[in-house]
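Some notes on the structure that comes next.
Keep in mind that this is a model prediction, so the values were computed, not measured. Residue numbers start from 1 in every chain, and the chains themselves are labelled A, B, ... in the order their sequence lines are given, proteins ahead of strands.
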Number of protein chains: 4
Amino acid sequence: MTTMTGRTFGSDNHAGVHPAVLAAIAAANAGDAVAYGDDEVTQAAVARLCAAAGARNGYLVFNGTGANVLALSMLLRPYEAVVCAESSHLNVDECGAPERILGCKLLAVPAPDGKLTLDGVAARLSGRGDEHRAQPRVLQIAQATELGTCYSLAELQRLRDFSRAHDLLIYLDGARIANAAAHLGCSLADIAACADVLSFGGTKNGALGVEAVLVMTEGLDAGAPYHRKQLLQLASKMRFLAAQVDALLEGDRWLATARHANEMASRLGSALAEVAGVRVAYPVQSNAVFTEVSRGLADRLLRDWAVELWSESADSGRRVLRWMTAFDTTADEVASVVSAVRLAAADAEA
Amino acid sequence: MTTMTGRTFGSDNHAGVHPAVLAAIAAANAGDAVAYGDDEVTQAAVARLCAAAGARNGYLVFNGTGANVLALSMLLRPYEAVVCAESSHLNVDECGAPERILGCKLLAVPAPDGKLTLDGVAARLSGRGDEHRAQPRVLQIAQATELGTCYSLAELQRLRDFSRAHDLLIYLDGARIANAAAHLGCSLADIAACADVLSFGGTKNGALGVEAVLVMTEGLDAGAPYHRKQLLQLASKMRFLAAQVDALLEGDRWLATARHANEMASRLGSALAEVAGVRVAYPVQSNAVFTEVSRGLADRLLRDWAVELWSESADSGRRVLRWMTAFDTTADEVASVVSAVRLAAADAEA
Amino acid sequence: MTTMTGRTFGSDNHAGVHPAVLAAIAAANAGDAVAYGDDEVTQAAVARLCAAAGARNGYLVFNGTGANVLALSMLLRPYEAVVCAESSHLNVDECGAPERILGCKLLAVPAPDGKLTLDGVAARLSGRGDEHRAQPRVLQIAQATELGTCYSLAELQRLRDFSRAHDLLIYLDGARIANAAAHLGCSLADIAACADVLSFGGTKNGALGVEAVLVMTEGLDAGAPYHRKQLLQLASKMRFLAAQVDALLEGDRWLATARHANEMASRLGSALAEVAGVRVAYPVQSNAVFTEVSRGLADRLLRDWAVELWSESADSGRRVLRWMTAFDTTADEVASVVSAVRLAAADAEA
Amino acid sequence: MTTMTGRTFGSDNHAGVHPAVLAAIAAANAGDAVAYGDDEVTQAAVARLCAAAGARNGYLVFNGTGANVLALSMLLRPYEAVVCAESSHLNVDECGAPERILGCKLLAVPAPDGKLTLDGVAARLSGRGDEHRAQPRVLQIAQATELGTCYSLAELQRLRDFSRAHDLLIYLDGARIANAAAHLGCSLADIAACADVLSFGGTKNGALGVEAVLVMTEGLDAGAPYHRKQLLQLASKMRFLAAQVDALLEGDRWLATARHANEMASRLGSALAEVAGVRVAYPVQSNAVFTEVSRGLADRLLRDWAVELWSESADSGRRVLRWMTAFDTTADEVASVVSAVRLAAADAEA
């Protein structure tokens, strides 16, 4: 167990729950409601979310892994494969859940800044029609990506066109779709439009724990209720998941919280870029800042902060650390961590 | 969507959240906490629950299906089977999740009152050592059972002895273990002692949504953290699951809420047993009452109440309805539903 | 290891290979042929078999389990279930392969003589549309059944009509379809007509080792080549599987061999029925004879013969043994085993 | 369908069956034998093969995919991963069978000549102990590799030492282990010694269709009979698989056939290396020759020969073709194909 006090910058999952979300949960706690989503709170929240995304249907689930696997279960037959970025959460951080639960093969593509390229995807389509090869069927992208970058709407449109031309479906992992919308200054629907199925993340953006799988394309979710149940993602007291979604949608709170987190990350990134011995590794386009530092500085920072050691160069020994902001990170906290890094960097240089 | 006002008697999942549970969630919402359970709230709540059950280790998950599948994933190799009651939730109400997710075969045994018998289990062990047969490995029981009955502690001990003698492991589905402990007047540890792994249900007993998988026998849970992640059951903001468990354990609240629900069911069962045309189908030993009524009366009651149509006799057409009480059911509500049933029964007879 | 000399009557799998099948394998061994079925021998044999069955397409596989699982993989989505007889090979003798490999639930129906009834099937369809229940999708029947009985063509037609009316697909396990055709005096196509997908068994009928999955209904086998590969059933030197099929089809050899095996079983059954202490348990309609005898006689016979102990009454202790004939069983061998049983029965009575 | 006459050089799977193998099958066809391997022919052949490899136990299966998946099923828990070469058959040519059937993740490592390096493997072990990562457990190597190269015995020993030091098990895919033994001039046991489990390939080396999974390390195969049955790999008339193994072992025929195939590949490689416009891409150390040629020459050769287009440079457009020899390839056939390539190359240059 790691004991932490104060802000960790370790993950947007380290943050707590937005007060408005807690209040919505409490408000939903009034008498009986039919279980498993057949209640008014759930129906209303899902409808509201679908309207915001331009989606045909939505399914609330417990967490991001659940959203990813449920979404893919709608899109894949047993012999089909998912083309995804090598750095994708799906490939790296799900403990092999897609393989175990869906039995599918992931065809991982190098994507230096976390974003798939058309060439990279195209190179993975060569085995089409060969019974010895898992058949590429889904193009999986994250928006924002795991490296804190965002696809532009034009880039999304190109992926969309490519997928249509090559008989691929697009699943967009939107665990941080709010941060992407805030960065791009666009609507949820603007991003969702490129996808056949997407997830809408609540947990990293102020919810207690809820994600939604949104279906854009007709005919994909006939079996979704059964998949959700089998995949251990059917909440009995569903209204309390729905209330969270509703609180996030209310007055576009989801966008405001994400905009704030992005702004804090932007400040953090700009300030850290000025620190000697620290290089900001990727464009700061959401609520993540990746810093490349020496091994010694990394060790010092990892001792003091619960940030994530993202990667390490086998050659130079330089390490990349991930710093994340959240809906409730304050400007003072950013200033404080920057001072601390500056101090540590000076020590490390000395 | 079914719109319901007032008490439904349809399920203990229709009830809301106990105020103390909501308060505990709010209290846990203080600043950052490391995600995925590596925080103080979680560590303390799990330790407290393990102490109460005499368990070696515990894993919090989202729901009952998750608990069932995670528990079995610790106990089964791919070619092993689970002996369970035909009426078990595992066999009937999980949409085939154990088969899909674990690939295991369920060897279902007739169990008229929901309780396995040694003879019934023994009859399923004949294929041992035959490579053409899935190998029985786990004995799965529910306490309380899906029919509202409870194994006595002596019965549990006999199942335990049998399982030891026949190289079986016991998984106890404790979605309603609190109601069983309240009925038997025993401790959590008294029931847990018969099992190798069990679940402790929170959701049906006043929680917002949390279950725990408790490990009694050494050496079974080496891979449990990976299983939980793969099975889509690893909560990022785990403290909010843990806070619920803590609130239930505080002052044995879990036992008080279950005792109340049982008492309401007992009243309901006694009163319904007096109604002409209504037969109480199983002993009322937890928070469920099953009534066997004519098809006509059943139709009327199903129209007015969100209770569950449990089964139907192909011959007589008589139907069994399930009525459930919860931690917040009141004596007035019981009296009210009894009146309504009495009226409906009189109409149906007329 | 069991050392056996002479005829075992234990299984049609104990028999060897028909000389014509061996000759066909040798004849196919001429120079190179493209692997994985893209060769002339395979194309011709599959076309010939499809023509005989009225099938749209066919896929050769290694064994009966492979055929069963490949067939079902074409018909099921992950949340769908198979209605089958409790006594079906699929349910009893596949070591849980359908559950492990396909993740599907089997909904087993009591079928005293091995044949499903419409009422039995109908009782399993109640959970349709309920997300908590695996959804019945396939009706699985064996022809001939595992108990040596056969559905009449009229019975098959009724199952067909029922399945169409209830949105079910039929998979017919034809491991002994030849014996059924011989018994009914009908063509392969007559039986196949009731199925959406069926298997055609070669191995139990004189082949070295080959089964075919035949697709009757359009649109079911788009993914079949991938399924076959993934299910470990794609033979590299496919021509040698195909040559076996061709040898069986040549001059309707498959029917002649099955007719002979049936005739030997008929003789055996008639003779054993005359032995005091022996009861023939099921109608002899293919190449199997089931005898119910006392425990003492069973022990004696199991000592002397490699026949299968099929079942045992918990109450009476009486046991059912299975005797099987094959394409190469001789009338003398039948006479000899009958004499031996008569002798053993007399001893047991004494 | 591709119609071919004469030698294809497309695959060792295009070759037929060695006459001695056919003769052994015919010799095994004498009367009844108990099915599923409980017969004398099988017991003897497996014992003989285990003795040759120094293995504790062996399991016969139908094909290479079956051997790969069965072997891995003995070594993996659901959350464990396999480190393998990017170019491995397991990763590329099994249609995702390991993922679908075992649910495991493959951690593919770049291996330019088909051989894993210790550094490459080490780079994949970073996620150990992190519940978000599939846990590396098996190191999978092919000997000979898919690129026709062989690990030296010293290299195998280093992999063995590394695996022991890093808590990994080694599975050696021996689909062409005979060619490796012939190349290294060593025994089967010399190669097998590095592995915990390995496969012994028969099909590509003159058998009709049989592979064996050999277990070197105690305690790994307790469940193997059940895995084999579930994985659709249990042959009923097993003696006919065993007879093939026996014929290959008789007088070290397996080594003689592989030595011949290697010798033919060596001649082919030497001769093709002399052709202008042809580059031999990898060392010829077994029965495969890979030639890199221009796109134009590749198209011409692919039109005339059933050889495999192995890869293509996105930049240069140059293509690599795979030519394979077999136990029955003749020196005249090699000379003939060399002439043809020479002619085509001259045309392409012109």
Side-chain angles (χ1 to χ4, degrees), chain A residues 11 13 63-65 68-69 72 76-82 84 86 88-110 117-120 122-137 146 308-315 319, chain D residues 11 13 63-65 68-69 72 76-82 84 86 88-110 117-120 122-137 146 308-315 319:
Chain A
S11 171
N13 281 330
N63 66 1
T65 313
N68 283 341
V69 175
L72 291 175
L76 293 170
R77 283 168 292 191
Y79 50 85
E80 291 176 337
V82 179
C84 60
E86 275 186 354
S88 64
H89 200 274
L90 195 72
N91 186 43
V92 176
D93 275 316
E94 302 291 30
C95 194
E99 288 91 343
R100 175 169 181 190
I101 305 297
L102 302 178
C104 65
K105 193 173 190 75
L106 302 186
L107 300 172
V109 176
T117 62
L118 299 188
D119 282 353
R124 281 304 205 169
L125 305 184
S126 62
R128 284 273 177 82
D130 176 352
E131 69 193 325
H132 295 82
R133 305 289 172 87
Q135 297 296 295
R137 179 63 176 147
E146 294 79 2
E308 194 164 344
L309 171 59
W310 192 260
S311 63
E312 179 166 12
S313 164
D315 300 330
R319 294 172 159 192
Chain D
S11 170
N13 281 330
N63 66 0
T65 313
N68 283 341
V69 175
L72 292 174
L76 293 170
R77 283 169 292 191
Y79 50 85
E80 293 176 336
V82 179
C84 61
E86 275 186 355
S88 64
H89 199 274
L90 195 72
N91 186 45
V92 176
D93 274 316
E94 303 289 28
C95 194
E99 289 92 344
R100 174 171 181 189
I101 306 295
L102 302 177
C104 65
K105 192 172 189 75
L106 302 186
L107 300 171
V109 176
T117 62
L118 298 188
D119 283 353
R124 280 304 203 168
L125 304 184
S126 62
R128 283 273 177 83
D130 176 352
E131 70 193 326
H132 296 82
R133 304 289 171 87
Q135 297 296 297
R137 178 63 176 147
E146 293 79 1
E308 194 164 342
L309 172 58
W310 192 260
S311 62
E312 177 166 12
S313 165
D315 300 330
R319 294 174 159 190

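At least one donor-acceptor pair closer than 3.5 Å links the side chain of D:Arg128 to the backbone N or O of D:Pro136. A donor-acceptor pair is defined here as one N or O able to donate and one able to accept, closer than 3.5 Å; no such pair exists between the side chain of D:Asn91 and the backbone of D:Ala108. Proximity of a side-chain donor or acceptor of D:Arg133 to a complementary backbone N or O of A:Val92 within less than 3.5 Å is detected. With D:Glu80 contributing its side chain and D:Ala134 its backbone, the two residues share no donor-acceptor pair below 3.5 Å. Between the D:Glu146 side chain and the D:His89 main chain, a donor and an acceptor come within less than 3.5 Å of each other.
Neither the backbone nor the side chain of D:Gln135 comes within less than 4.5 Å of any heavy atom in chain A.
The most heavy-atom pairs under 4.5 Å with chain A, out of D:Gly103, D:Ala81, D:Pro78, come from D:Gly103.
A pairwise comparison of heavy atoms in D:Leu90 and D:Val82 identifies CD2-CG1, 4.0 Å as the closest pair.
Applying the side-chain contact (heavy atoms from CB on, under 4.5 Å) test to A:Thr117 and every residue at least two apart in sequence or in another chain returns A:Asp119.
At a heavy-atom cut-off of under 4.5 Å, chain D is reached by A:Glu94, A:Cys95, A:Gly96, A:Glu99, A:Arg100 from residues 94-102 of chain A, listed in order of number.
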